[in-house]
Amino acid sequence: MDTARHSGKVALVTGAGSGIGLAAVRRLADEGATVIGCDINADAVEAVRAAVPDGTFHIADISDPRATDGLVDGALAAHGRVDVLANVAGINDSFLGAHELDDATWERVLAVNTTAVMRLCRRVLPPMMRQRRGAIVNIASISGLGGGASGLAYTASKHAVVGITRSIAFMYRDEGLRCNAICPGGVRTNILKSSPPPSEWGFERLAKFHALGVRIAQPDEIAALLSWLVSDEASNVNGAVISADGGWTSG
């Protein structure tokens, strides 16, 4: 860990209260960044405030455009710049197959996992363009690379995140901006705890692919990669979609 790696940078992190988001907040702060984060869970926000006292953390539902706009606008008002955006927050879909999927689940999963990512990227791009400097990392998933890891809504949402990442990387590369995605496999987070019980039908059909998983990663293993991707050390890495799954999808 380089305690000066992100010195002088302002970093926004969603899903900051637990899992990969909390690990990212801690690492970015330890490496010198001024960190601003949000989470929908009030208790989790209080916990991260205690863990990272120099950061600024908000209770927010990122499916609400007022929350995403407010997060960026607040950072600009307080610090005058945004250097890093880490779109970490995400929810699962109970492994529902297409014939089981209800509209409410589809709309909620896409709102959090995809539309919020688009809105936050859209909001930070103009100030980053003025700075001619900025790095975005979107947490996608191995579900964004294939069809065997999760239900339809989650799979579609993470494929869309991969597309968002590649589009931004290509279209804004001449502006001095970078955008990359990380596709974790299994990570020790609470994403499934916040979901309804899994579909027995869907889970049974996904079980063969799940059995190929090597191990469950720790959140800081993903946060370490995220920190590197938004650092100057990764200055030539743009539009990359990086699997961080222990070899799960390498076969």
Side-chain angles (χ1 to χ4, degrees), residues 9 11-16 19-21 23-24 27-28 37-38 62-63 65 68 71-72 82-93 109-129 131-147 149-150 153-185 187 189 191 217 219 221-245 248-250:
K9 295 180 182 177
L12 304 185
V13 182
T14 67
I20 297 169
R27 179 168 286 267
L28 291 169
C38 71
I62 61 169
S63 68
T68 53
L71 183 67
V72 178
V82 176
D83 302 284
V84 171
L85 171 63
N87 283 306
V88 181
I91 58 174
N92 213 315
D93 63 358
V109 171
L110 270 290
V112 173
N113 292 5
T114 304
T115 305
V117 170
M118 178 278 294
R119 286 179 178 144
L120 281 160
C121 290
R122 181 176 66 186
R123 199 72 170 192
V124 301
L125 284 168
M128 286 183 172
M129 290 168 71
Q131 297 163 195
R132 296 199 60 80
R133 179 183 178 89
I136 299 170
V137 169
N138 298 320
I139 299 298
S141 166
I142 58 170
S143 295
L145 304 175
S150 195
Y154 188 82
T155 299
S157 74
K158 293 303 186 177
H159 273 74
V161 169
V162 169
I164 289 169
T165 300
R166 287 176 166 153
S167 176
I168 290 173
F170 186 84
M171 294 187 74
Y172 295 88
R173 58 185 183 170
D174 293 339
E175 308 295 328
L177 311 185
R178 298 184 298 110
C179 186
N180 296 291
I182 300 173
C183 295
V187 183
T189 71
I191 189 170
E221 294 179 90
I222 310 303
L225 176 57
L226 185 155
S227 177
W228 179 76
L229 283 170
V230 300
S231 76
D232 294 342
E233 300 160 54
S235 60
N236 199 43
V237 182
N238 190 26
V241 179
I242 302 173
S243 298
D245 62 6
W248 191 349
T249 56
S250 60

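Positions are given from 1, in the same order as the sequence printed here.
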Checklist entry - About how many Å separate OG of Ser231 and CZ of Arg178, when rounded to the nearest 0.5 Å? => result 7.0 Å
Checklist entry - Hey, does Leu71 have a side-chain heavy atom less than 4.5 Å from the side chain of Arg119? => result no
Checklist entry - Between Lys158 and Asp93, is there a salt bridge with N-O shorter than 4.0 Å? => result no
Checklist outcome for this item: Rounding to 0.5 Å, atoms CD1 (Ile142) and CG (Asp245) come to a distance of 5.5 Å
Next on the checklist: What verdict does the side-chain contact (heavy atoms from CB on, under 4.5 Å) test give for Ile182 and Val137, after you've listed the backbone C-alpha separation in whole Å, the side-chain angles of each residue and the deciding distance to 0.1 Å?
Outcome noted: CA-CA 7 Å; Ile182 300 173; Val137 169; 3.9 Å; yes
Next on the checklist: Set out, in order, the CA-CA distance, both residues' side-chain angles and the distance that settles side-chain contact (heavy atoms from CB on, under 4.5 Å) for Val230 and Leu28, then state yes or no.
Outcome noted: CA-CA 10 Å; Val230 300; Leu28 291 169; 4.1 Å; yes
Item to check | Spacing of CG belonging to Asp83 relative to CD1 belonging to Ile136, to within rounding of 0.5 Å | outcome: 11.5 Å
Next on the checklist: Could you report the tightest heavy-atom contact between Ser150 and Ser143, atom names first, then the distance?
Outcome noted: CB-OG, 3.5 Å
Checklist outcome for this item: Between Ser157 and Thr114, the two heavy atoms sitting closest are O-OG1, 3.0 Å
Checklist entry - Where is the tightest heavy-atom contact between Ala140 and Val161, given as atom of each residue plus distance? => result CB-CG1, 4.0 Å
Checklist entry - Under a 4.5 Å cut-off applied to non-hydrogen side-chain atoms, are Val162 and Arg166 in contact? => result yes
Item to check | Atom pair CG (Leu85) and OG1 (Thr14), whose distance is rounded to the nearest 0.5 Å | outcome: 7.0 Å
Next on the checklist: So Cys179 and Tyr172, do their side chains get closer than 4.5 Å, heavy atoms only?
Outcome noted: no
Next on the checklist: Using side-chain heavy atoms (C-beta onward) and a distance below 4.5 Å, is Leu229 in contact with Ile242?
Outcome noted: yes
Next on the checklist: Measuring from atom SG of Cys38 to atom CG of Leu120, what distance do you get when rounded to the nearest 0.5 angstrom?
Outcome noted: 7.5 Å
Item to check | Check: Asn113 and Val117 side chains under 4.5 Å, non-hydrogen atoms | outcome: no
Item to check | Side-chain heavy atoms of Thr68 within contact of Met118, under 4.5 Å | outcome: no
Item to check | Closest heavy-atom pair and its distance - Val13, Ala16 | outcome: O-CB, 3.9 Å
Checklist entry - Where the side chain of Asn180 meets the backbone of Val237, is there a donor-acceptor pair that is under 3.5 Å apart? => result yes
Checklist entry - Between Arg133 and Met128, is a side-chain contact (heavy atoms from CB on, under 4.5 Å) present by the stated rule, with each step listed? => result CA-CA 6 Å; Arg133 179 183 178 89; Met128 286 183 172; over 6 Å; no
Item to check | Step-by-step side-chain contact (heavy atoms from CB on, under 4.5 Å) determination, Leu12 to Val72 | outcome: CA-CA 8 Å; Leu12 304 185; Val72 178; 3.8 Å; yes
Checklist entry - With a 4.5 Å heavy-atom cut-off, do Cys183 and Thr249 have their side chains touching? => result no
Checklist entry - Which heavy-atom pair separates Ala89 from Gly15 by the least distance, and what is that distance? => result CB-N, 3.6 Å
Checklist entry - Is the side chain of Ser227 donor-acceptor paired with the backbone N or O of Ala223 at a distance under 3.5 Å, no angle test? => result no
Checklist entry - Is there a donor-acceptor contact under 3.5 Å from the side chain of Asn138 to the main chain of Ala181? => result no
Next on the checklist: For Phe170, does the six-membered ring have the charged nitrogen or CZ of Arg173 within the cation-pi criterion, i.e. under 6.0 angstrom from the centroid and within 45° of the normal?
Outcome noted: yes
Checklist entry - Can you check whether Leu226 reaches Ile139 side chain to side chain, under 4.5 Å on heavy atoms? => result yes
Checklist entry - What is the minimum heavy-atom distance between Thr155 and Gly146, and which atoms define it? => result CG2-O, 3.5 Å
Checklist entry - Say you draw a straight line from CG of Asn87 to CD1 of Ile164; how long is it, rounded to the nearest 0.5 Å? => result 8.5 Å
